[in-house]
Structure formats: structure tokens, C-alpha cells
Amino acid sequence: MGVSGSGKSTIGKLLSHHLGMPFFDGDDFHPQSNITKMSSGKPLNDVDRQGWLEVLNELAKSQLDKGGCVIVCSALKQRYRDVLSSAIKNEVKWVYLSGSFKQIFERLNKRPEHFMSSKLLQSQFDILEEPKNAIEIEIALTPKQIVEKVKEALNIKSEFGLFGLGVMGKSLSRNLARKGFHISIYNREIKGVEENIAVDFKNSYSELVSAKAFSSIKDFVESLQRPRKIMLMVNAGDITDMVIEDLIPFLSSGDVLIDGGNSNYLDTKQRYEYLKARDIQFIGVGVSGGEAGALKGPSIMPGGNKETYNLVKPYLEGIAAKDANNLPCCTYIGEEGSGHFVKMVHNGIEYVEMQLLAEVYTIFKAMGYNPDKIANILESWIPQANSYLLGITIDILRKKDGEVWLVNKIVDKAGNKGTGNWTTIATAQLGAPSTLIASALFARYTSFYKEERLQASISFNIKSTALDLEDADVLNAYQFARIINHFQGFKLISEAGKAYTWELKLNEIARIWTNGCIIKSDFMEGLISVLKDGDNILTHKTIIKQIQYMKPLINHVVSECVLMEVPVPCLSESVNFLNAYVTANSSANIIQAQRDYFGAHTYQRTDDSAGKFHHTNWK
Ligand code: 6PG
């Protein structure tokens, strides 16, 4: 930008050549009426410019996906620049070519046959509002010098910062760099213990050649364009708070912190409020996909203020996995900690999907199959039950350690980092019974009683007897429980949406879970359209048909497991849950009567349509 005659076209063309981006001269987009007006010596007014600026804005937007472009335009007033950068404020970089009236007047007089004569120059200076956020370059320099300075300035500040180079932080940094983002990366340094982490990491990967690596928080923060956008990839919990405290002294008003860890959604809300009071914006982002997903494209669940999200959207959507329609597996989830809530439920569903595969393995083991045979059966299930977790379980079962299957050498104690625990707490707090998540979590906890289990296996002497089941029945039992798992997970999200007044779109959540994340599956793909029709997947005709077909089969599988002493907590819970869910008249009348008996808690009567609460003296 700059007044007419400041050299915009020359510099713009040169710059576009250096940046490898297309060039557009704003002058070429004036309507004939504007050209006629200027040619007749009359300056344009705001109304004349409006349409022209809008056209240039559309042009800029259309070039974003193609890697950007260089546009030259006088853009004299702030409101013109607002129109030009409308809806792409964050992506636009301004370069202001500044010079004195005298300098430019002389140049204009040398310019042959241009509709803008030197007589109009004063009118341009009259309305010029110098920009505050532009790279300002003095036009007395040579074009080559100017372009070098612009290039230097554009590169000086990175557009995005990644704080914390653990497994996920490293993969996300490489992903960002591969997508062409200019990033700064930081990892703490402990003298003599952890040194040069960021620099060594940068030097190990060619895609990080233009990344800037730091071990000083101050330098890292100062290397970023404002408002700064810093993604924290550190351990959830106290570490996140400590890191935020470390960063605050160097941040400025309007900067954005993005917490990409598996943080508790309630902590996210608190951090949002805490930082808001300091004029720092905060987004809580669930990231799923593990190390490989983070590198190739994770599923991303961002929550917080929508406008703040828009500032970081290009980066998050840029690095996310793509769904079947090539749309990013990243969508704005909702206010407050909703992104982390949804990620938490994702993990709850993940716990169940993992547990169900473990139970299937237990069943086949009890049928006398070895890991290879089980892997072959699971492989044959792919056409009906394809999922990321099914795929990795097949690989796991086939992995040998020398002559022995590695899985047979792994201690049967399942760890956890807390998200399943939080989901179970949330499901209880919100009164939305995600019973399979609780069962899967408690199955992990039970596995931890290793010593006691060893002892009990001797004292109780309960022996599993060989199971005799059809492989196909086990598949149907597995598929049935997966439907209940997804029903309960989405129900929990839906209840949270109501309780916290987040406007959640369940079908969009299913969509961003179709790729990049741990629970991606063909079933999830189908849920996009199911959830378009309503939040409750158990009301969908196709699902009802599937459940009706599978129910007798899982009944048989679970009963046999119980009779043969094979523990299947999630499979059996899915049967019990559905049995309870489809019971029109349950035993809760007894509970109500008991409550009223000992505590006068009252009850409602079936013969009182007003719904009044009654109390009885029971003796
Ligand atoms: C993901 C995973 C990821 C991680 C969890 C597992 O979506 O990429 O869910 O977040 O695997 O830390 O947690 P547990 O250690 O509790 O199983």
C-alpha cells in the first residue's frame, strides 16, 4: 500500500517473484466509472472505492488456498484496509511504501499516460491514514533493497509458536512447518540435563529449516507476530498452569494461548477466566491421533471464544486430517471448555473400544485360539467393522518377540492418564449414564489388582472352561456393544451441551472423528448422517434394526461367557444397559418406595396424572 506513485507496482511485482506468489495490481480492478472519474482529474470518494475494495478482498480470499498472493492497492484509509482484509484479517500482511509529497510528486510527473495524474496526489495525501501494523519501508531505497527489507521483515516474526517439544509437540511442529507455516518452537532447558532440545530438533528435520528454535521463553515470545499465537503441548494439570505463569510476563494484550494437552475441561474454563482478566485469549483444544496423527494430520477439537478461534483457525485446520470430502477434521466445538470436554469423551469412547477388543481377544483365547489365529479372524472383520483400533490390534497380535508373541509377554496391568476417570466423573455428575465408559475404566483398575488376582485365582479356584462360540456371533456381540458405546458417548456430549449451554453439533463432532483420531472407524462415518437426524442414535431406524438382529447373538455370547467364567464387563454391560433402556416399567418404583420408607423422600403415583409427590406411613 501507499499513495499513487510510491512504487507499489514495481515493488509488488518484484516481491511476488521473490515469494513465488501471483501478483495483482489493484488499478486493474477499477470499474470504468472510477477510471473515467480519475482521468477527468477528480479524486475518488469513499463510495466510489467501496465496490472496488470489496472486489480486491474477494480476490485476496480466493488466493488464500493457493498459497497467497501479492496485491498492490493504495489502501489509504484504515476503513479501506478493513474492507480489504475483511474475514482474512489475520492472514493479511501489510507493506507500506512511505515517501514525502515532493519525492512522489516528482516520480508521478515522470510516469507516462496513467489515469492518475500528479494533480490528484494532494487528495491522496489528504486522506492518507498511516497504518500502525504494517511493515513500513522508505521509498528512497532501491527496489532490490526494498524487497530484501520486506522479505526480512516478513520472516523476522513467526506466525505461530509451539511450546513444548514432547512427542506430540514435535510432530505438530513438523506438521505445521510442512504446511508452510513460519513457526517458532520452544523447549525448556535444564543445564547439564536437557540442553539444546529445540535447536537439535530443528536441525534433525529438513522441513524445519526456516523454523526458529528457542530455549528462552522471552526470545521465543518475542519472535512471534502479534497477536501472538502460542500452542502449549505440555503435560495436563499443574505443569500447564506453571507454563502459563512462565509465559504471562512476556505476553501482550490480545495474545492467544492454545492448550493442546489433554486438559480437564473444568480447568480450561478456569484458565480461560484467569487469562481473560489479564487480557490474554485462551483456547482449549483437544488433539487426537497420537504421534503419527499429530504429524500427518490429527483430529482437532477446539473450544473457547469463537472470535479467538478464528485467529488460530488457519493453523489448526491447516494441520488437521481431512475427512472423506477433504474437509479438515477440525471444527469449532463451542464455548468454554467444550473442546476439551469433547476430547475427554473421545477418550472415554476410546477406552471402551479398546476394552471391547480386549474382551474379544479374551473370548477367542478361551476358545483356544493363538494370537495369529485371532488376528486372522479380526482381519476378516474389517469389511464390517473397520476401525483404527481394530487395525492396530491385528498388528499387535501378530507381533513376535523372537519365537514368542510379544503380547504374551506384556504384563496384564492397564495404565491410564486420567481422561477415562474424568469422563466417568462427568457422566455421573451430568446424570448421563455412560456405563460402558465406567466399566472400561474399572476393568483397567481391576487389572491393577495383579497381586490380589493371582492370590484369588488360587483361593477361589474358578477355572474358565473352553468356550464354544461362532466367530460371527462374537463379531455381532462386538458390533452391538460398539453401538451402545457410541450411543452413550454422544448422549453424554449432548447432555453436557444442554447443561453448559454449549451449542454442540453432534454430527460435526462425528465428522471430525472420521479421520486423524484414535476412534476413527467406518461406524463413525455412518454416524454423521445418523446424528444429522437427531442426537439419539437409538431412535434411528437402521440402528434399531441392527440392534434387533444382534441382540439375541450378544445375549448368547455373554451368557456363555458368564457360564464359562470368562470376564466380559463391557460386553455384558452393553446387554444390561439396553435391557434397562428398553424396559417400559422398571424396578425404580421399589427404589422410590424404599427412599420414601426410610427418608420420607416422597414418590409420584401412576394414578395421579398431576405428578404430585406423595408420602406414605409404611408401617
Ligand atoms: C488420542 C489419545 C491420546 C492418548 C491418551 C490415552 O486421542 O490421541 O486418546 O490422547 O492416548 O493419553 O490415555 P490413557 O493413558 O488414559 O489411556
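Only a predicted model underlies this, so the values are computations on that prediction, with no experimental measurement involved. Numbers for residues simply follow the sequence, beginning at 1. Start at 1 and go down the list; that is how both ligands and their atoms are numbered.
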Which ligand 1 atoms are under 4.0 Å away from a heavy-atom of Ile518?
1 (C), 2 (C), 7 (O), 8 (O)

Gly290 heavy atoms, cut-off 4.0 Å: which ligand 1 atoms fall inside?
8 (O)

At a 4.0 Å cut-off, with the gap strictly under it, does some heavy atom of Arg444 reach an atom of ligand 1?
yes

Which of the atoms of ligand 1 are close to Asn347, meaning less than 4.0 Å from one of its heavy atoms?
5 (C), 7 (O), 9 (O), 10 (O)

For Met354, is the nearest heavy atom under 4.0 Å from an atom of ligand 1?
no

Within the supplied structure, the quantity of interest is the number of heavy atoms (other residues, nucleotides, ligands) at a distance under 6.0 Å from Lys417 NZ; does it exceed 12?
no

So which protein heavy atom does atom 7 (O) of ligand 1 come closest to, and at what separation?
Ser288 OG, 2.5 Å

Checking Phe480, Trp513, Phe523 against His486 for ring-ring contact (aromatic ring centres under 6.0 Å, His included), the one that qualifies is Phe523

For Lys322, look at atom NZ and say whether over 12 heavy atoms of other residues, nucleotides or ligands are found less than 6.0 Å away.
yes

Donor-acceptor pairs are to be reported for all side-chain atoms of residues 197-205 against protein atoms at under 3.5 Å, with residues two or more places apart or in another chain.
from   : atom 1 : to     : atom 2 : distance (Å)
Lys202 : NZ     : Leu208 : O      : 3.2
Lys202 : NZ     : Val209 : O      : 2.7
Lys202 : NZ     : Ala211 : O      : 2.8
Asn203 : ND2    : Val199 : O      : 3.3
Ser204 : OG     : Asp200 : O      : 2.6

Hey, can you tell me if Trp502 and Tyr265 have their rings parallel, tilted or perpendicular (30° and 60° cut-offs)?
perpendicular

So Phe577 and Tyr581, would you call those rings parallel, tilted or perpendicular, with 30° and 60° as cut-offs?
parallel

Select the closest option to atom 3 (C) of ligand 1 among Lys417, Lys343, Met301, judged by heavy-atom distance.
Lys343

Arg398 and Glu379 ion-paired at < 4.0 Å
yes

Geometry only, no angles: is Val287 polar-contacting ligand 1 at N/O separations under 3.5 Å?
no

What atoms in ligand 1 come closer than 4.0 Å to a heavy atom of Asn416?
14 (P), 15 (O), 16 (O)

Tyr351: numbered ligand 1 atoms lying under 4.0 Å from its heavy atoms:
14 (P), 16 (O), 17 (O)

Students should be able to answer this: which protein heavy-atom is nearest to atom 8 (O) of ligand 1, and at what distance?
Gly289 N, 2.9 Å

Between Met550 and Gln479, is the side chain to side chain contact (heavy atoms under 4.5 Å, CB included) condition met? List the steps.
CA-CA 8 Å; Met550 293 166 175; Gln479 292 287 71; 3.6 Å; yes

Result of checking Glu350, Lys520, His346 against Ser288 for side-chain hydrogen bond (donor to acceptor under 3.5 Å, both in side chains)
His346

More than 12 heavy atoms from other groups under 6.0 Å of NZ on Lys399
no

Identity and distance of the protein heavy atom lying nearest atom 12 (O) of ligand 1
Asn262 ND2, 3.7 Å

Heavy-atom gap Cys517 to ligand 1 smaller than 4.0 Å
no

So is Gly420 close enough to ligand 1, meaning a heavy atom under 4.0 angstrom away?
no

Nearest protein heavy atom with distance in Å, relative to atom 2 (C) of ligand 1
Glu350 OE1, 3.3 Å

Which atoms of ligand 1 are found less than 4.0 Å from any heavy atom of His346?
7 (O)

